[in-house]
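Before any comments, here is the structure.
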Amino acid sequence: MALRIWNTLAGEKQLFESRGDPVGMYVCGMTPKFRPHLGHARLYVVADVIRRTLEYLGYGVKHVQNFTDIDDKIIERARSEGIRPDEASRKYTDAYFEAMARLGVRPAHEYPTVTGSMPSIIAYIQGLIDRGYGYVVDGDVYFEVARFPEYGKLSGRTDEEGLVGARKELEPGKRDPRDFALWKRARPGEPSWPSPWGEGRPGWHIECSTMVRDTLGDQVDLHLGGRDLLFPHHENEIAQSEAFTGCVPFARYWVHIGVLQTERAKMSHSLLNFTTVDEVLDRFEPAVLRLYLLGTHYRAPMVFSEDGLRGADRGLRALRAAYAQEGDVVAQLEGRAADALREFTAYLEDDFNTAGALGILFDTAHELNRAVTGEEAAPRLRGVFRTMIDLLGLPMGEERPAAAVAAAPFVELLVETRTALRDERQWVLADRVRDRLRDLGVVLEDTPNGTVWRLDEGAR
RNA sequence: GGCGACGUAGCCAAGUGGUUAAGGCGGGAGUCUGCAAAACUCCUAUGCGGCGGUUCGAAUCCGCCCGUCGCCUCCA
């Protein structure tokens, strides 16, 4: 089986053929204007699994992800916090790295930034002007969409009326409503950089075109991003890049990750309806969130729910129990192990179908438990199970939440006492301790190896 | 208004022409256990938003309708 990917540009699933080694993978990074929310987590966890899958299949991958570290929202945010814009972007870039490390998202190879790419961006804009695609109006520079006939090939928006929308007026200075800013003239009190067109800063889309070229060349294999960036951001990126380099297509495979929504609307910073990664990780282990996010195919929209998280918590526990199984008798499960791994990777190779793959993972966990329970250990099955876990990047080591760490000495004292009671067959008292702890959100399990405990999910 | 996506059991969610429609959560019965928990066994959609159509055959293809969401403005 070979890797097939749904390419937004083609509107169909295509066989993946790399241009060379390593595969160039560019992921549209975040604008660090606040702590990352669950929508970000979904995108970057999916990107991480895509990269793991490629590497498993034997591809070398060069993963580049940017930070758009200067824009209106960052300036706004910095003002409200009484700090400088660069301090704000630094702060939330750090928050991003912290959250992703907890989620087991492997770092990209490079993280270019707008402020760190200024000379390159200016040269790129000048290049577009020189080639006749850009025009200057009083310190602003615009991209002239009419000069790029291919415009709209990614989003399917070719109709000018549809592009403009009912509400949007033609801004003064623009020749065409579709034209977009490459460089924005500085406004008083805002950070700015010198340029041939005067003080200002880059428009929103140009940084990606520039940074892709600087880090990965004129063409990338994979370009990933949220579905909400499809238009206008990615459409504009294509226009800029192909106009500048003449290399078509700019990105061979466009992969768009569906948005995460709350009950009624998309989760976003501007709607203030988001849940941050931190908020979830205060109460659930990172592996729970990761498992939850991978339970829906990446292209489908996903509605965030607390119940879903609790379900994932239970599911994770089952996987972890299977993961921890020990055994030493060789079983006749060699064939089954190979089948399971083949089925699992077939799902991942078919447009990164993590939800389908999870089905096989759970099947395998059950088989493993069965094999061990039946005194038939399955070393090979255990091996493929661990391979699957790694491909999805699910941490199997338990990370005890802060509340559990704090409670540990006291809970352990009670467990000790209860064990003594059980040794004396004082069942009523022993059960009372267990029941009372249960009421407090502490679950006790008596196993052949002693009593283990954990905090109930959601009660963290 | 324009463009697009989606609608599968109580909930979540795979499945894109052909055996009995994966898997998870929840629920029910049982094995094990001092009792529980975990694990294990079994059960939980004659049906895939609705109505038509194509086909020997459709959740899967086509049309219309209903509903939800996204983009068209900052957004991952």
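Letters go in sequence order (proteins before strands), and every chain restarts at 1.
- At a threshold of 4.0 angstrom between heavy atoms, the contacts of A:Y292 with the nucleic acid are absent.
- Note on ring orientation: taking the six-membered ring where Trp is involved, the planes of A:H40 and A:Y44 are parallel (angle under 30°, cut-offs 30° and 60°).
- Taking only distance into account, the side chain of A:R314 never meets the base of B:G24 through a donor-acceptor pair shorter than 3.5 Å.
- Counting to the nearest Å, the P atom of B:G34 and the CG atom of A:L421 are 17 Å from each other.
- The nucleotide B:U73 finds no pairing partner, because no Watson-Crick or G-U wobble arrangement with both distances shorter than 3.5 Å includes it.
- Base pairing annotation: B:G63 forms a Watson-Crick or G-U wobble pair with B:C51, both donor-acceptor distances under 3.5 Å.
- A:G39 comes within contact range of at least one nucleobase, with a heavy-atom separation under 4.0 Å.
- Among the atoms of the strands shown, base atoms are found under 4.0 Å from some heavy atom of A:S268.
- Using cut-offs of 30° and 60° on the angle between ring planes, the pair A:W254 and A:F250 is tilted.
- Residue A:A355 is classed as a base contact, given a heavy-atom separation below 4.0 Å to a base.
- One P atom belongs to B:G53, the other to B:A58, and the distance between them is 12 Å to the nearest Å.
- Nucleotide B:C35 is matched to nothing when pairs are restricted to Watson-Crick or G-U wobble geometry with both distances under 3.5 angstrom.
- The NZ atom of A:K153 sits 19 Å away from the P atom of B:G4 (whole-angstrom rounding).
- As judged by a 4.0 angstrom heavy-atom cut-off over every strand, A:R425 is placed among residues making no nucleic acid contact.
- Atom CZ of A:R317 is separated from atom P of B:A39 by 8 Å (rounded to the nearest Å).
- Between A:F274 and A:F34, a ring centre-to-centre spacing shorter than 6.0 Å is recorded.
- Nucleotides B:C43 and B:A9 have their C1' atoms positioned 14 Å apart, rounded to a whole Å.
- Judged by distance alone, with hydrogens and angles left aside, A:N353 brings no side-chain donor or acceptor close enough to the base of B:G15 to form a pair under 3.5 Å.
- By the 30° and 60° cut-offs, the orientation of the rings of A:F16 relative to A:Y253 is tilted.
- With a 3.5 Å ceiling on both atom-pair distances, the Watson-Crick or G-U wobble partner of B:C42 is B:G28.
- Using a 4.0 Å heavy-atom criterion, one finds that A:H297 contacts the sugar-phosphate atoms exclusively.
- Contacts of A:L444 with the nucleic acid, taken as non-hydrogen atoms under 4.0 Å apart, include base atoms.
- If you check distances only, the side chain of A:R227 never reaches the base of B:C71 with a donor-acceptor pair under 3.5 Å.
- Remark: C1' of B:G70 and NE2 of A:H233 are 17 Å apart, rounded to the nearest angstrom.
- One N or O on the side chain of A:R42 and one on the backbone of A:G258 form a donor-acceptor pair closer than 3.5 Å.
- At B:C71, one or more side-chain N or O atoms of A:K266 fall inside 4.0 Å of OP1 or OP2 (strictly under the cut-off).
- A close approach under 4.0 Å does not occur between any side-chain nitrogen or oxygen of A:R310 and OP1 or OP2 of B:C11.
- The base-pairing partner of B:A5, taking Watson-Crick or G-U wobble contacts with both distances under 3.5 Å, is B:U68.
- Here A:A430 lies out of heavy-atom contact (under 4.0 Å) with every strand.
- Residue contacts for A:L260: at a heavy-atom cut-off of 4.0 Å it reaches a base atom on one of the strands shown.
- Residue contacts shown for A:R434 include a base, since a base heavy atom lies under 4.0 Å away.
- Counting non-hydrogen atoms under 4.0 angstrom, A:D307 reaches nothing in the nucleic acid.
- Across B:A39, B:A14, B:G34, the shortest atom-to-atom separation from the side chain of A:A318 is found for B:A39.
- The backbone N or O of A:Y323 sits less than 3.5 Å from a side-chain atom of A:R386, completing a donor-acceptor pair.
- Nucleotides B:G23 and B:A36 are separated by 28 Å at their C1' atoms, to the nearest Å.
- We find that CG of A:L368 is positioned 19 Å from P of B:A38, with the value rounded to whole Å.
- Contacts of A:G311 with the nucleic acid, taken as non-hydrogen atoms under 4.0 Å apart, involve only primed sugar atoms and P, OP1 or OP2.
- Within the 4.0 angstrom heavy-atom criterion, no nucleotide atom of any strand lies near A:D72.
- Taking 4.0 angstrom as the limit, A:H366 places a side-chain polar atom (N or O) nearer than this to OP1 or OP2 of B:G24.
- Taking the six-membered ring for Trp and thresholds of 30 and 60 degrees, A:F67 and A:F97 have ring planes more than 60 degrees apart, a perpendicular arrangement.
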